[in-house]
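One structure below.
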Amino acid sequence: SGRTERASDPGPAGRPAAMYAGLQELGVANGEDLKETLTNCTEPLKAIEQFQTENGVLLPSLQSALPFLDLHGTPRLEFHQSVFDELREKLLERVSAIALEGKVEERYKKLEDLLEKSFSLVKMPSIQPVVMCVMKHLPKVPEKKLKLVMADKDLYKACAVEVKRQIWQDNQALFGDEVSPLLKQYILEKENILFSSDISVLHNFFSPSPKARRQGEVVQKLTQMIGKNVKLYDMVLQFLRTLFLRTRNVHYCTLRAELLMSLHDLEISEICTVDPCHKFTWCLDACIREKFVDNKRARELQGFLDGVKKGQEQVLGDLSMILCDPFAINTLALSTIRHLQDLVGQDTLPRESPDLLLLLRMLSLGQGAWDMIDSQVFKEPKMEAELITKFLPMLMSFVVDDHTFNVDQKLPSEEKGPIPYPSTIPEAFTKFLQENRIACEIGLYYILHITKQRNKNAFLRLLPALVETFSDLAFSDIFLHLLTGNLTLLGDEFAVEEFCTSLFDGFFLTACSRKENVHRHVLRLLLHLHHKVAPAKLESLQKALEPTKQSGEAVKELHNQLTEKLELRKPSPAEVTETPSMELPLPTVPTPASR
C-alpha cells in the first residue's frame, strides 16, 4: 500500500502512511496534520513556522543556534535526522541496560510500560527498532501484541528470534513452515556429500568429526531458533520422528543427535537435563569421534541401556533413533570387525565376548529404530542366536582363510604347486546377507574392510553375495559411497578384464536399470578411474551406462562428463591420418637418391 501512495502522490506530504504510523494516537503531529494546516490556512509561511516551533526540539538554547546551521547550508531535516538517530541509539542502549538492572519484576514492569507506550509506533520504520528491542528483552510479550505481530508479515519478519520463539511455541504450523526448508537443505547437503565427485579413501562421508559437523549452517540455525525453549526442542524432535517415519531417511537420525549435542556444546542445561538421551548421546558422540567403542565407554553405554526402568520404555524409541544415525552405525560396525579380528588372534568364539555382544545389541537397536517408532512397541529387538553362533564364526573363518593363504604363499613350494585362493562362499553366508539385517550390515562392513586392505582375492570371492542383500543394503548410497572410495586402492586391477567383469557385470550393472543411485555411483567411479580401465571394456561400459528416457539430470550430466573425458583420450584426427602415411610403399616417398 505504501508503494501505491508514493506513486500517486509524489509530494512530501504524500509519503507512505507507514512513515508516521501511530503518531496521531500519541497526540504527535505528523505529515498529514501539516498537509491539512497548509490546505486550510491563508498564510502558509507563518503556519509552517508555527508547526516547526510546536514540533521541533524544545530547547531554548537551540533556537539561537539553528540559524548558524542555516548559514552553513545544513538543511533542518539533516539536523533533526542526526538528533533523532543519536537519541534512538541512546534509547536502544538504555532498553538493553534496563533488561539487566534491578529486580526482575521491576525491570520487566518498566519494559512492559515502555512497550505499551511505544507499540502504536511499531510500523513506523524509524521507531520500529526500539519497539522490537523492548519486545526482544521481555520474556513474555503480552499475547495481544504477539498476535498483532504474527498477523503482519513485515512485523513478523522484523522481530527478533526471541520474540518469534514466543510466537512459535503456540503455533506449531508456523514453526513447521520455518523449520521445513532447513530440514530439506540438511538432507540435500548429506546427499551431495554421498554423490560428491571427489572419490577418496581418506576423505569420505564419515571423515568430519562430530564437532565439525555440528558447526553446519542448518544445525546452527535450528539451535538458535530453539534457544532454551524445551517446547520448541520437542517440536523439532517430533518433526524429525515424523519425517523419519514417512521417508525412512536415516539422515534425520543424524540431525536428532547433532542437535542435542549442539545444545550440549552451548551448555543449555534447560534442555539437556530433560532429554533422557543426553548422557547416552554424549558418550556415543565420544565413540564416534574415535571411530571405536572402547571397553570403558562400552560399560557406560550398557549401563544406560540396562538402566531403562519399567514404565519408561518409550525412551528406547529415542535411543534407537540415536543409534540409527549412520555415524553411530559406522562406529559400531567398524568396532565389530575389529573385535572379530581380535577374537581370531585370541582363539575365542563370538559368544564368549561381552563387548562384542553389546555392539550387536546396539546395532540391533539402531537398525530396529523405524519398526519400533512405527509400531510404538518399545522393547529391544530379540537377537537371533544364529547370528552369534553361525554367521560371525563364518566371518572369522574368512579371516583365517586369508591368514592361511598368506602363510602358504611364503612357504617354499617343493613338489606341490601353488595353493589357489578359496573361490567359493558358503551358501549360508549369502542367505544371512539376504535375510538378516544385522548380518548384512556387518557383512558389508567386512567387505569394505577387505577392500581397504587391497585384498582383491577376498573381495572377488565375496562380491557375488552382494547382488541380493537384505532390503538392497548393498545398493544403498552410504555403502556405495564407501565402496567406490575403497576401490580406488585397487585401481590397477581395473585393467584386468576378469576383475572388471566381476565388479561391473556381476554386481553394479545388475541394479543400474532399476536403481538410479547405483547408476550415479558407477559413473562417479568411472569418471575417477576411467584411465585405468582397458579401452574395450570402457567402451562397452560407456554403452551399458547410457542414460534412458527415465534417467534424471544427474545421471545425464555424469554420463556427458564421462563421454567428454573419453573423447579427450582418443587420438586426434591428425594423428590418425598420419599413421597410415608411414606405412605407404617406399618408392612413393621422395628421397634424396631419387633426385
Thr336 side chain to Leu332 main-chain N or O, any donor-acceptor pair under 3.5 Å? yes

Atom of Asn486, atom of Lys452 and distance for their closest heavy-atom approach: ND2-CB, 3.8 Å

CA sep, side-chain torsions, deciding dist, call: Asp306, Arg361, salt bridge (charged side-chain N to carboxylate O under 4.0 Å, His left out): CA-CA 11 Å; Asp306 293 343; Arg361 180 184 175 187; 2.9 Å; yes

Over 60° means perpendicular and under 30° means parallel, so tell me whether His449 and Tyr446 are parallel, tilted or perpendicular. tilted

Please determine if Glu112 and Lys140 form a salt bridge, counting it only when a charged side-chain N lies under 4.0 Å from a carboxylate O. no

Flag the pair Arg214 / Pro210 as yes when at least one side-chain heavy-atom distance between them is below 4.5 Å, and no otherwise. yes

Does Thr469 use its side chain to pair, donor to acceptor, with the backbone of Ala474 at less than 3.5 Å? yes

Exercise: do Arg338 and Gln341 side chains pair donor with acceptor under 3.5 Å: no

Using only atom types and a distance under 3.5 Å, with no angle test, would you say the side chain of Ser335 pairs donor to acceptor with the backbone of Val293? yes

More than 12 foreign heavy atoms under 6.0 Å from CD of Gln346: is that the case here? yes

Using modelled atom types and a 3.5 Å cut-off, is there a donor and acceptor pairing between side-chain atoms of Thr331 and backbone atoms of Phe327? yes

Begin from the C-alpha positions of Glu384 and Arg437 and carry the test salt bridge (charged side-chain N to carboxylate O under 4.0 Å, His left out) through to its verdict. CA-CA 11 Å; Glu384 285 184 39; Arg437 187 175 187 123; over 6 Å; no

Write down the atom of Val230, the atom of Glu270, and the distance for their closest heavy-atom approach. CG2-O, 3.5 Å

Output field: ring centroids Phe507/Phe475 closer than 6.0 Å: yes

Give a yes or no on whether Lys515 atom NZ has more than 12 heavy-atom contacts from other residues, nucleotides or ligands under 6.0 Å away. yes

Is there side-chain contact between Met132 and Leu155, with heavy atoms separated by less than 4.5 Å? yes

Quick one, Lys110 and Val95 - any side-chain contact, counting heavy atoms below 4.5 Å? no

Nearest 0.5 Å, what's the NE2-CG distance between His481 and Leu448? 10.5 Å

What distance do Cys272 atom SG and Met261 atom CE have between them, rounded to the nearest 0.5 Å? 8.0 Å

Counting heavy atoms not belonging to Arg514, are there more than 12 under 6.0 Å from its CZ? yes

Is there a side-chain contact between Ile438 and Gln367, using heavy atoms and a 4.5 Å cut-off? yes

Ring-plane angle category for His521 and Phe195, please: parallel below 30°, perpendicular beyond 60°, tilted otherwise. parallel

Where Arg520 and Leu558 come nearest, the two heavy atoms and their spacing: O-CD1, 3.7 Å

Taking Asp177's backbone N and O only, do any of them form a donor-acceptor pair with Ser180's side chain (distance below 3.5 Å, no angle check)? no

Looking at Gln376, I'd like to know if its CD atom is crowded, meaning that more than 12 non-hydrogen atoms belonging to other residues, nucleotides or ligands lie closer than 6.0 Å. yes

If you draw the axis of the six-membered ring of Phe244, does the NZ or CZ of Arg256 fall within 45° of it and under 6.0 Å from the ring centre? no

Assess whether salt bridge (charged side-chain N to carboxylate O under 4.0 Å, His left out) is satisfied between Lys211 and Asp285, documenting all intermediate values. CA-CA 9 Å; Lys211 198 140 195 176; Asp285 188 74; over 6 Å; no

Measure the acute angle between the ring planes of Phe205 and His251, then classify it against the limits of 30° and 60° as parallel, tilted or perpendicular. tilted

To the nearest 0.5 Å, atom CG of Leu358 lies from atom CZ of Arg297 at 14.0 Å

side-chain hydrogen bond (donor to acceptor under 3.5 Å, both in side chains) pairs touching residues 150-160, sequence neighbours excluded, are Lys123-Asp152, Tyr156-Trp168, Tyr156-Glu178

Result of checking Leu360, Asn436, Leu359 against Ile442 for side-chain contact (heavy atoms from CB on, under 4.5 Å): Leu360

Closer than 3.5 angstrom, by distance alone: can the side chain of Glu258 be matched with the main-chain N or O of Val219 as a donor-acceptor pair? no

Does Ser96 reach the main-chain N or O of Leu92 with its side chain, forming a donor-acceptor pair under 3.5 Å? yes

Could you go step by step and tell me if Phe175 and Lys231 meet the side-chain contact (heavy atoms from CB on, under 4.5 Å) rule? CA-CA 11 Å; Phe175 186 50; Lys231 203 170 174 186; over 6 Å; no

Audit row: Lys109, Asp113, salt bridge (charged side-chain N to carboxylate O under 4.0 Å, His left out) steps and yes/no: CA-CA 6 Å; Lys109 178 79 179 79; Asp113 292 346; 2.9 Å; yes

A side-chain contact here means heavy atoms from C-beta on lying under 4.5 Å apart; do Leu319 and Phe280 qualify? yes

Heavy-atom side-chain proximity of Val134 to His137 below 4.5 angstrom: no

Could you check whether any side-chain N or O of Arg524 sits under 3.5 Å from a backbone N or O of Ser196, counting only pairs where one atom can act as donor and the other as acceptor? yes

Return the CG to CG distance between Leu194 and Asn517, rounded to the nearest 0.5 Å. 10.0 Å

State, with a plain yes or no, whether a side-chain heavy atom of Val141 is found less than 4.5 Å away from one of Phe119. no

Could you walk me through whether Ser320 and Leu323 pass the side-chain contact (heavy atoms from CB on, under 4.5 Å) check? CA-CA 5 Å; Ser320 71; Leu323 286 165; 5.6 Å; no

Gln185 side chain to Glu217 side chain, donor-acceptor N/O pair below 3.5 angstrom: yes

With a cut-off of 6.0 Å (strictly less than), are more than 12 heavy atoms of other residues, nucleotides or ligands near CZ of Arg351? no

Inspect the surroundings of CD in Glu290 and state if more than 12 heavy atoms from other residues, nucleotides or ligands are less than 6.0 Å away. yes

Do NZ/NE/NH1/NH2 and the carboxylate oxygens of Glu300 and Lys296 come within less than 4.0 Å? yes

For the pair Ser207 (side chain) and Asn204 (backbone), establish whether a donor and an acceptor sit closer than 3.5 Å, ignoring hydrogens and angles. yes

Does any part of the side chain of Asn249, heavy atoms only, come nearer than 4.5 Å to the side chain of Leu243, both counted from C-beta? no

Is the count of non-hydrogen atoms from other residues, nucleotides or ligands lying under 6.0 Å from Lys291 atom NZ greater than 12? yes

Mutual orientation of the aromatic rings belonging to His278 and His264 [parallel < 30°, tilted 30-60°, perpendicular > 60°]: tilted

Supply the atom-to-atom distance Thr488 OG1 to Leu483 CG, rounded to the nearest 0.5 angstrom. 10.0 Å

Determine yes or no for a side-chain-to-main-chain donor-acceptor pair under 3.5 angstrom, with Glu313 supplying the side chain and Gly311 the backbone. yes

